[in-house]
Structures are given as structure tokens and as C-alpha cells.
Amino acid sequence: MPELPEIETIKLQLGKVLVGQRIVNVIVNNNKSVRGDIGEIRGRRVIGIRRMAKVLLIDLDGDLTIAIHLKMTGQLIYDDGKGRVAGGHPTGDFAGELPSKHTRVMIELTSPPATLYFNDQRKFGWMKIVESSKLKVESFIKDLGPEPLELKKDEVIKLIKLIKKSKRAIKLVIMDQKIISGVGNIYANDALWEARIRPQTVANQISVERLRILLKKIHLVLREGIKYGGATAADSKFVNLQGMGGHYQDHFRVYDRRGLPCLKCQTEIKKITLGGRGTYYCSKCQIV
DNA sequence: TGCCCCCTGCAG
DNA sequence: CTGCAGGGGGCA
């Protein structure tokens, strides 16, 4: 569920509290949420937090990394041991009680006795222990396209060429992690509205100029998502490290706005299904 | 390139 | 009760 801005939000928060701490113990409630030898992380010290696309990376000493993918309903919540983290959350399943019935893994740390909770209602998410030096060859990393927030000029040119070759709907193309990484359904919908492109338009029929605009708009909405601490939509389970929701949902352009007036022209926002996912657009503004 | 599937919970 | 949910791997 969380996309690049949501993972970035957690990354920034984790960096402040986790680095320097030592892992004392790990408790696994659901084996399918864990890959690799989780026991290996006991006794290791956290030396850094990174993000690659939607994957969160907790680097430990001794060449180990915990890679975490929250998929649709994953949450990471931190309790510093001095009582409750921030109170409950209106839309998430975190109501103040930890561990909850959706807690799949607990990582206990020094700073006594802090705990990092990995909650995941639908159990799609995972936590994988890998050798840091071999991270690059992991399938969930090696196939990732470029990061949309760090595109160099030559990468933009390459990317546009790649998009121009595709006969798929543009929305599916920008959500394809092999093409460009980190964009999911919310930000894809909103970026396409900003760029005035219909989600179902075949990618190779869009001009280079318009695709350049699209890349800029992707950058814009992702940055805004980060600024507002991610999005917690009505049906979303995203919470930050304190168990609190984000605020980008107050700035949705079209996502989750079926039947509501377009922010530019007041036309009712339409909802269709594309690639099995809810897709929103304004039929008047999005004409490309 | 499109479809099914992994799961659970909740709105309609 | 069915359909749907911000992800993405595996399959034909």
C-alpha cells in the first residue's frame, strides 16, 4: 500500500531513533512475514537506514541488512520504551494496543526496552535478511527502474525512450517498478491529472514533450506526498513510525474522488478500472 | 502483456 | 453476500 513518499516518511523517522541501537531480540509471530535467517540480526547494531523505491533498508553491522516491503497493509511502529508511542489512529488498525493481532514481527532494541513492531493485516508484506554486500543482486532490488526524485538528464532521455516503446496504458507504465520505481496507484493517478494525460492513453502515442511534463509532475506529487508525511486514505492502513496517519489525502487531485468536482474545472471525476486497480481522472482536463 | 494469486477486513 | 483495497510475483 505505501508508495515512495510513505516509505520515505518512515525512513526519515527511523533514522532519528534507530541508528546506534543494538538489536537484543526478535519475536516472529508469522513465519511467512519473514525471509532469510532472522536470528542472525540478534546482537547487531543499526548503522543506517535507507530506502530504494518502496523497499526500506535497515543496515546492521557485520554486513547484514533488513529489507522490508510493506506491500498493501504493512506498518512499522516504534515504541521507545518510555510508555506509549503517540496515541491511536483514526483509520489504521493501530488503536493504541501493541502488539496487536496484526503484529507479525517484533524487534527489541536497547534504549531499554524499545521495540519496533511490524504489523501487517493482509500478510503480503515481508522482512528479509540479506548480506548488505549482496543486496544489489536481490530480485526486489536489481530489477528496479530509476528513482523518480533523482533523475539525471541522460536518465530522463533513456526513460522517455523506454516509455515511447510501450503499447500499454500510460498509468500501467509509470506504475511498473522496472520502468520507474516508487510510483504506486495514488501518485500515478494524481501525476497524470497534473500532466493532463488520460490514464488509459497508450504510452507510445504520447509526445516526448508531454512525457517530460509527466516526469516533472510525478516528481511534484511525490515531493508533496513526502512534505505531508504520506497519504492515509479512507481505506488505507498507512501510519508513520508513531502510528499516526499522513496528510497528503487532503491534497488528492483525483485519487479517491469519484463523483467529486475536478479541482480545476468542476467536472465530476470518473472512476474506471485499469490493470485491476481503481483509476481516477477528469474527462475534461485530461485530454491527451 | 494480461490475469490470477497471496491475505484479511470492511463498505455497499 | 460480493467486490474491492495505495503491491507485485508468477504464470500462460
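Chain letters run A, B, ... following the sequence lines, proteins first and then strands; every chain starts at 1. Predicted, not measured: the structure shown is a model, and the values here were computed from it.
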### Query
Are Ile7(A) and Val55(A) connected, step by step, through hydrophobic side chains (Ile, Leu, Val, Met, Phe, Trp, Tyr) whose heavy atoms are closer than 4.5 Å?
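Shared cluster, no.
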
Enumerate the protein-to-nucleotides 8-12 of chain B contacts in which both atoms are nitrogen or oxygen and the separation is below 3.5 Å.
from: dT8(B); atom 1: OP1; to: Lys123(A); atom 2: NZ; distance (Å): 2.9
from: dT8(B); atom 1: O2; to: Gln121(A); atom 2: OE1; distance (Å): 3.4
from: dG9(B); atom 1: OP1; to: Lys101(A); atom 2: NZ; distance (Å): 3.4
from: dG9(B); atom 1: OP1; to: His102(A); atom 2: NE2; distance (Å): 3.3
from: dG9(B); atom 1: O4'; to: Gln121(A); atom 2: OE1; distance (Å): 3.4

### Query
Does the cation-pi check pass for Lys217(A) over Trp193(A), that is, NZ or CZ under 6.0 Å from the six-membered ring centre and within 45° of its axis?
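Output no; distance or angle outside limits.
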
### Task
Please work out which residues in residues 160-175 of chain A have a non-hydrogen atom less than 4.0 Å from an atom of DNA chain B and list them by number.
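Close to the strand are Ser166(A), Lys167(A), Arg168(A).
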
### Task
Keeping the roles fixed (side chain from Arg257(A), backbone from Pro261(A)), state whether a donor-acceptor pair exists under 3.5 Å.
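Confirmed, Arg257(A) side chain pairs with Pro261(A) backbone.
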
### Query
Taking the side chain from Asp154(A) and the backbone from Lys158(A), do they hold a donor-acceptor pair closer than 3.5 Å?
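No, the answer is negative, given that no donor and acceptor are paired below the 3.5 Å cut-off.
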
### Query
Reckon Lys271(A) touches a base, only the sugar-phosphate, or nothing at all at heavy-atom distances under 4.0 Å?
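Sugar-phosphate, no base atom in range.
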
### Query
With a non-hydrogen cut-off below 4.0 angstrom, is Gly278(A) in contact with a base, only sugar-phosphate, or nothing?
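Touches sugar-phosphate only.
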
Is it the case that the side chains of [Y] and [X] hold a donor-acceptor pair, with the cut-off being a distance below 3.5 Å and no angle test?
X	Y	answer
Asn204(A)	Ser166(A)	no
Thr103(A)	Asn119(A)	yes
Asp59(A)	Thr65(A)	yes
Tyr280(A)	Asp190(A)	no
Tyr187(A)	Glu6(A)	yes
Ser33(A)	Lys123(A)	no
Arg42(A)	Asn25(A)	yes

With a 3.5 Å cut-off and sequence neighbours excluded, list the donor-acceptor pairs that the side chains of residues 11-20 of chain A form with protein atoms.
from: Lys11(A); atom 1: NZ; to: Glu8(A); atom 2: OE1; distance (Å): 3.4
from: Lys11(A); atom 1: NZ; to: Glu8(A); atom 2: OE2; distance (Å): 3.1
from: Gln13(A); atom 1: OE1; to: Leu241(A); atom 2: N; distance (Å): 2.8
from: Gln13(A); atom 1: NE2; to: Gln242(A); atom 2: OE1; distance (Å): 2.9

### Query
For Phe124(A) and dC7(B), do the ring centres fall under 5.5 Å apart while the planes stay under 30° apart?
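Check failed, Phe124(A) does not stack on base of dC7(B).
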
### Task
Specify the closest pair of heavy atoms between Gln286(A) and Pro199(A), including all atoms of both residues, with the distance to one decimal.
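Answer, listing the atom of Gln286(A) first, then Pro199(A): NE2-CD, 4.0 Å.
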
Quote, to the nearest angstrom, the [atom1] distance that separates [N] from [M].
N	M	atom1	answer
dC6(B)	dC1(C)	C1'	23 Å
dG10(C)	dC7(B)	P	14 Å
dG12(B)	dG6(C)	P	15 Å

Nearest to side-chain heavy atoms of [X], which nucleotide of [options]:
X	options	value
Tyr255(A)	dG6(C), dG8(C), dC4(C)	dG6(C)
Lys32(A)	dG6(C), dC7(B), dC4(C)	dC7(B)
Pro2(A)	dG6(C), dG8(C), dA5(C)	dG6(C)

### Spacing of Asp120(A) atom CG relative to dC6(B) atom C1', expressed in whole Å
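Rounded to the whole Å, the gap is 11 Å.
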
### Query
For DNA chain C, what are the stems built from at least three Watson-Crick or G-U pairs in a row, each pair having both distances below 3.5 Å?
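If one scans DNA chain C for consecutive Watson-Crick or G-U pairs, the stems found are B:1-6 with C:7-12, B:8-12 with C:1-5.
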
#### Entry: Pairs touching residues 22-75 of chain A that satisfy ring pair (Phe, Tyr, Trp, His ring centres under 6.0 Å), sequence neighbours left out
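Pairs touching residues 22-75 of chain A that pass the test: His69(A)-Trp126(A).
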
Kindly give the atom pairs (protein nitrogen or oxygen, nucleotide nitrogen or oxygen) under 3.5 Å for nucleotides 10-12 of chain C.
none

